[in-house]
Amino acid sequence: MNWLVVFLLCRKLRNLKGNIMSEVRVRIAPSPSGNLHIGTARTALFNYLFAKKNNGKFILRIEDTDAERTSQEYIDNIFDSLKALGLNWDEGPDVGGDYGPYTQSQRFDIYPKYAQILLDKGFAYECFCTPEELEQEKHEATQNKKAYVYSKKCVNLTEDEKAKLRAEGRKPALRFNIEKAQKAFHDSSILKFTDMVKGELHIDTDLLGDFVIMKSNGTPTYNFAVVIDDMLMKMTHVIRGEDHISNTFKQILIFEALGAEVPQFGHLGMILAPDRSKLSKRHGATAVSEFLEKGYLTEALVNFVALLGWSPSDGEELKTVDEIAQDFRIHELSSSNSIFEYDKLNWMNAQYIKKYSDEELGEKLKPYLTQYNLDELTHEQFIRMIEVTREPLKLLSDITDAVPYFFGEGVTIDADAQTKVLDTEVSQDVLKTFMEQAKDWEWTEENLHEKLEAFRGFYKEKGIKPKVTMWAIRVAVTGRTCGADMTAILAIIGKEKSFNRIKAAMKAKV
RNA sequence: GCUCCCAUCGUCUAGAGGCCUAGGACACUUCCCUUUCACGGAGGCGACGGCGAUUCGAAUUCGCCUGGGAGUACCA
């Protein structure tokens, strides 16, 4: 019976080890050279969903290697946007973690050590070429209509030659020896890997060209820093945009040269503008923070962006992040690009707006009402105003234009409404009659509702459509032909203000 | 130029050889509801880029073409 115990123990141990080994770790690694882009947000979301679904960790790493383009403002924007979207990270610059620091510029002392390892193993070599020499090579390549690949002229420099170049004051960059690495780990020059969303991808590494891993100023290039960080941070899966596919081949070779475990890759299609070009400022908002300012709800933004590539198995598209995570399978993501169209986002935003109570929505709407003196209304009136104006809102900011007539004394009459409605005899008659009858009305919404119904009935008998009757009052009081429920408007702004506006509308014509 | 990726309604997508006279959502549109605008409800319009091949049978497999996207830096 002993063997059975041993067997079970072994199996348990193996499973345990398997679980530890396979703890999913994914990351989003934005470069703070701009505000958090909506495309980056989607990549972050898919990473987050993948981590959630697999009980893994979601890590934030700031790739600020390029000091020129980095700014604290952008870093803050990235943090805030990610947090706003609810994509909270388990490890990152602010929360720390076991594999920090999580800001690349604070890791500069790490990279040379690994560069040295590659140098020692012969997978990297010093390159003393000047920018001018390199430019010349490229120029010749284009002249001869050939694809540019670095000439490798520094690959076999002797120690003497290097010493001489150094004496000239030249500082070498470090290049990765593609051919050497490829030959060491693969049968042919073809490098393959299985992408989680696109399937098998391959390239002929002879076409790649030895790329720089350490710049002559001692800082790492992107492709090198990413590999070192992903390796040291124990990333198991790398989910990113397909614009990184060509980098992936280079990175795989570095992982292999370092003897590190190569993570699984998954490349997402890009988000394109309606004209099928890259989504940029000229197409409108690109940063998450801009969308938020415009009045998009984070729930809608996240939900919408998830639908660019992912689709729900039950057909229900309105879903929370948690619900999406449950239903998320990376292998089922669409591998093609998708176009960012506002129509559906707007519709979705409206759907999420509807989910809020009047009180909650009122709070969210206040930032868009700063131009009005909210003190003119009691809290009850304010809430009632929200209640009767919220229906057509697609963006939170739509509220701004929906409520001007609730504030101030007078009202600007829309030119079209003036000629089409107020200038007609019927309308003037309606207003006159209204003033006569309404002066004795008790000014509560309930009573107004009844009275107005009767009022409409009175005119309907004379062959005037209810629509026409109400339009006269509406235009006089609000200045427009459309808007919230008329009864509510009258009740909220009060008898005096209503009468003043109607009188003004009458005087203007009669 | 070279390399790679992608290809179903206008848009996001379902579809992994017969269930597809291709389903859903947004948009558009018709009608209904209605004090306006809207919301909501019931309909409608609308796609497998092209050509070959495999097969009894292809949106689904393969090849070519076309179209779109990306990469091609001592940027990230």
Side-chain angles (χ1 to χ4, degrees), chain A residues 29-33 63-66 68-70 104 127 129-131 134-135 138 141-142 144-150 171-175 195 198-199 201-204 207-209 211-223 225-226 241-249 267 269-270 272 274 276-278 304 307-313 315-318 332 334-348 350 354 389-394 402 417 421 449 452-453 455-456 465-475 478 480-487:
Chain A
S31 155
S33 54
E63 305 207 330
D64 58 346
T65 319
D66 188 357
E68 301 272 304
R69 296 193 296 161
T70 292
Q104 236 166 27
C127 171
C129 293
T130 62
L134 261 17
E135 200 50 52
K138 273 178 220 171
T142 35
N144 302 329
K145 294 203 164 183
K146 291 218 169 152
Y148 168 70
V149 180
Y150 173 61
K171 288 243 178 8
L174 241 51
R175 282 185 188 271
D195 188 276
K198 288 181 186 287
L201 265 30
H202 55 83
I203 200 173
D204 186 341
L207 272 14
L208 244 30
F211 57 97
V212 171
I213 56 174
M214 289 294 282
K215 305 177 200 173
S216 51
N217 66 8
T219 61
T221 60
Y222 166 76
N223 273 314
V226 166
E242 69 174 28
D243 49 338
H244 282 287
I245 290 180
S246 55
N247 288 326
T248 303
F249 295 103
H267 290 94
M270 312 259 73
L272 268 27
R276 293 186 181 280
S277 69
K278 213 164 111 183
F304 174 73
L307 256 19
L308 263 30
W310 173 82
S311 62
S313 56
E316 176 52 56
E317 297 187 319
L318 254 31
E332 290 176 8
S334 161
S335 60
S336 48
N337 294 339
S338 43
I339 291 171
F340 193 98
E341 288 274 11
Y342 278 86
D343 282 333
K344 191 157 183 174
L345 172 61
N346 290 343
W347 166 79
M348 195 167 270
K354 288 182 204 313
T389 53
R390 61 180 292 168
E391 206 150 55
L393 300 183
K394 292 209 186 302
V421 180
H449 184 76
L452 276 173
E453 198 166 350
F455 189 73
R456 280 196 298 276
K465 285 185 195 157
K467 175 174 171 174
V468 174
T469 313
M470 295 307 287
W471 251 351
I473 301 169
R474 179 177 293 281
V475 173
T478 71
R480 327 170 151 195
T481 52
C482 55
D485 177 82
M486 207 48 231
T487 316

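Numbers restart at 1 for each chain; the letters A, B, ... are given by sequence-line order, proteins then strands.
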Checking all strands, does [X] fall into the base, sugar-phosphate, or nothing category for heavy-atom contacts under 4.0 angstrom?
{"X": "A:T65", "value": "sugar-phosphate"}
{"X": "A:T487", "value": "base"}
{"X": "A:N346", "value": "nothing"}
{"X": "A:R456", "value": "base"}
{"X": "A:L134", "value": "base"}
{"X": "A:G209", "value": "nothing"}
{"X": "A:N247", "value": "base"}
{"X": "A:E63", "value": "sugar-phosphate"}
{"X": "A:R69", "value": "base"}
{"X": "A:G483", "value": "base"}
{"X": "A:A484", "value": "base"}
{"X": "A:H202", "value": "sugar-phosphate"}
{"X": "A:T221", "value": "sugar-phosphate"}

Output all residues satisfying salt bridge (charged side-chain N to carboxylate O under 4.0 Å, His left out) with A:E332, sequence neighbours left out; order by chain, then residue number.
A:R329
Which whole number of Å gives the distance between the [atom1] atom of [N] and that of [M]?
{"N": "B:G68", "M": "B:C26", "atom1": "C1'", "result": "23 Å"}
{"N": "B:U11", "M": "B:A47", "atom1": "C1'", "result": "12 Å"}
{"N": "B:C6", "M": "B:C48", "atom1": "C1'", "result": "15 Å"}
{"N": "B:C45", "M": "B:U36", "atom1": "C1'", "result": "29 Å"}
{"N": "B:G50", "M": "B:U66", "atom1": "C1'", "result": "7 Å"}
{"N": "B:A70", "M": "B:C75", "atom1": "C1'", "result": "16 Å"}
{"N": "B:A27", "M": "B:C9", "atom1": "C1'", "result": "11 Å"}
{"N": "B:A59", "M": "B:U21", "atom1": "C1'", "result": "14 Å"}

First of A:S335 and A:C129 reached from the 5' end of RNA chain B, by closest nucleotide
A:S335
The residue, A:L345 or A:M214, whose nearest nucleotide of RNA chain B is more 5′ is A:L345
Hits for ring-ring contact (aromatic ring centres under 6.0 Å, His included) against A:F340, two or more places apart or cross-chain, chain-then-number order -> A:F291, A:F304, A:Y342
Hits for ring-ring contact (aromatic ring centres under 6.0 Å, His included) against A:Y222, two or more places apart or cross-chain, chain-then-number order -> A:H244
Can you list the residues that meet the side chain to side chain contact (heavy atoms under 4.5 Å, CB included) rule with A:S336, with sequence neighbours excluded?
A:S334
Do [X] side-chain atoms and [Y] backbone N/O form a donor-acceptor pair below 3.5 Å?
{"X": "A:R474", "Y": "A:A484", "value": "yes"}
{"X": "A:D64", "Y": "A:P32", "value": "no"}
{"X": "A:K198", "Y": "A:S335", "value": "yes"}

From the 5' end of RNA chain B to its 3' end, which nucleotides mark the outer limits of contact with chain A, defined by a 4.0 Å heavy-atom distance cut-off (strictly under)?
B:G1 to B:A76
Assigned partner base of [N], Watson-Crick or wobble definition, under 3.5 Å:
{"N": "B:U35", "value": "none"}
{"N": "B:U3", "value": "B:A70"}
{"N": "B:U54", "value": "none"}

For A:T221 and A:N223, does a side-chain donor sit closer than 3.5 Å to a side-chain acceptor?
no
Test side-chain hydrogen bond (donor to acceptor under 3.5 Å, both in side chains) applied to A:T478 - qualifying residues, sequence neighbours left out:
none
